Amino acid sequence: MTATGTSTTAPPARTRLGIVAAALCGVLALLAALAVGHLAAGFISVNASPYLAVGNGAIDLTPVELKDFAVRTFGTHDKLVLLSGMAVVLVVAAALAGVASRRSPWPGTVVVALFGVLGIVAVAVRPDLGPVAVLAPLASLVAGVVVFRLLHHAARGTGAGPREGSSRRSFLLAGAGALAGSAVVGVGGQLLGATRNAAASREAVGRLVPARTAPAIPADADFAKLGTPPFLTPNRDFYRVDTALTVPQVRAEDWSLRIHGLVDREKRYRYADLRDRPLVERTITMTCVSNEVGGPYVSTANFVGVDLADLLAEAGVRPGAEQLYSSSVDGWTSGTPVAAALDRGRGAMLALGMNGEPLPLEHGFPARLVVPGLYGYVSATKWVVDLEVTTWAARQAYWLRRGWAEQAPIKTESRIDTPRGFQTLPAGTVRVAGIAWAQHTGIDRVEVRLDNGSWQPAVLSAQDTVDTWRMWWAELRVPPGSHQVACRATDHGGYTQTQDRAGTVPDGATGWHTITFTAK
Ligand SMILES: Nc1nc2c(c(=O)[nH]1)N[C@H]1C(S)=C(S)[C@@H](COP(=O)(O)O)O[C@H]1N2
Ligand SMILES: [Mo]
C-alpha cells in the first residue's frame, strides 16, 4: 500500500513511485521503444519495425484453427484485429511492468528489455530481412530501457511524500517530453518508410497492352441489375488474402524472378524483359480455400502477363519434377503441381497486370502467379521472386506445413447474393440471384429450392470461359412466413455439389449455400 501523507517515514515514500506515474513510465517507455524501432526500420525495411515483426511472427505461429477462425470472423480485418489486440496486450503489460517497479526500476527494465529481445528474435527469423535489420529492434530495446530509466528517475517521489508537488511537475515534463519525442520519431519513421513505397514505380509502368487479348466478355455475362456482382471485380473490391501485415514494397526496377532447381539452365528474368514480351490476357476467377460456403473470397479479373509454361520451357524442366515451389519476397511459399503449370490448355500465368492496370501493390506488384482452377494458396503467389522446380518430398509450402492439402483444385460451388440472409420481402414472387463457379470445368446448371421443395432450374448467364464464374437467377412463389432457400450447381463434368457440409480445412468447404428470409 502507498504510504499516506501522515506517514513520518519520508525516505521510503520518496523513493516509491505513485501508481499512475509508475504505470506511465512503462507505457511511455513502450511508446518510445516502438517509435525508435519504427524510425530505424525506416532506414532498412518496414518489416524490421519490431511491432510489425512481432505481428508477422504471431501470424506465422498461429495455429491453423485459430487463423481459420480469425479469417472467418474478422475477414479482411483480421490483421487490424491482430495489431489492435497486440497493442492492448503491450500497453497493459507495460503498465503492469511500470507498476511492478514502484520501489526499484529493475522489474520494468527487465520487462522492457524482454520485449526488445522478442522484437530482435521476430526480426532475426524473418526470411526476407538481412542481418542488418536487427538494428531496428536493437535500437528499440535501447530506447525503451533508457527512457524507462530516465522517466523512473524523474518520477521518484511522485508517491506521497514531502517532495510530492515538485517531483510531480518534473515527472509530467519528462513524460510529456517522452511522448512528444516518440510522436516525432514515429511519424519520421513512417514518412521515411513511405519513401520506399513502390507506388511511384507502379505508376511508371504505364499500360500493359496484351498482344493476345482474352475472349470478349459476353454482354449478358452477369445479372448485376438483379443483384449479382459485376462480371469483372473492380480491383478495389477484389478479395484480398495474404499473411503480410504490411504490403511488400517491391519496385519493378529492383525486381527479378529466378527459376532454378530441376531445370536444364537456371534463369533470371527482370521486369523490363518480361513486359517487353508479347503479353497474353486471360479472364480468371480466383477463389480462396478459406472461403466458407456463401463466403466472399471469390473474384474475377482480366490478368495480363506471360505464359508460365514459356518461362519454364526456357529453363527446361527436367524429368522427375513434380512441384513448382514459389516464394514471395516476404518468404511466403506455395507449391503448384508442375503438370498444371506446364499445361498450356490451362494457361497458368506470371501476371503483371490486372483489369487494365499494373497489379495493385496489395495484389502482388510487380508480379504474381495465377493458375486457373487451383485455390490461391497452391497457385497464386504474390510478389513472387523465386520459382524452384522440385519434388513434393523436397519442399513443403507455407500452408502445407500448417495442415492444408498438397493438391487443391477449386471445388464447384454456388452462392446466393440476393435476397440477403434474414431479409424481409413482400410475399409472392421472390427473385433469387447469385453466382456459381467450377474453374477449369465450367458451370453447367444451377438449381434453387424453397424450403424442402423440389429443385428448380435457374437462368444462367452466358458462359465466358470455363475458368470464370457464371451468374444465375430464378423466381420462386413464396407464401408469407419464414423460409429457406438453397442453391446447388452442377459442372460440365457432371458433378453436382454435395449437401455434405465440410469446413475449409484441409482443401475447401462444401455444402449448399442456404439462407433464411421472411416473406410478408
Ligand atoms: N505472397 C503471398 N502470396 C499469396 C498469399 C500470401 O499470403 N502471400 N496468399 C495466397 C492466397 S491464400 C490467395 S487465396 C491469393 C489471394 O490473392 P488476392 O489477395 O490477390 O485475392 O493469394 C495467394 N498468394
Ligand atoms: Mo487462399
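This one's a predicted model, so the numbers in the text were calculated from it and none came from an experiment. Just follow the structure's listing: the first ligand is 1, and inside any ligand the first atom is 1. Quick note: residue numbers are just sequence positions, from 1.
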For the pair [X] and [Y], find out whether any cationic side-chain nitrogen is under 4.0 Å from an anionic carboxylate oxygen.
X: Lys411; Y: Asp491; value: no
X: Asp310; Y: Arg344; value: yes
X: Arg282; Y: Asp467; value: no
X: Lys79; Y: Glu362; value: no

Heavy-atom nearest neighbour in the protein, as seen from atom 23 (C) of ligand 1, with distance rounded to 0.1 Å: Ala380 O, 3.5 Å
Heteroatom distance test (Tyr377, ligand 1): nitrogen or oxygen, under 3.5 angstrom: no
Side chains of Gln463 and His492, donor plus acceptor under 3.5 Å: yes
Sub-4.0 Å atoms of ligand 1 with respect to non-hydrogen atoms of [X]:
X: Gly376; value: 10 (C), 11 (C), 13 (C), 14 (S), 23 (C)
X: Ser328; value: 1 (N)
X: Cys288; value: 14 (S)

Part of Tyr239 within contact of ligand 1 (heavy atoms, under 4.0 Å): both
Mode of Tyr398 contact toward ligand 1 - side chain, backbone, both, neither (heavy atoms, under 4.0 Å):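 Neither; no heavy atom under 4.0 Å.
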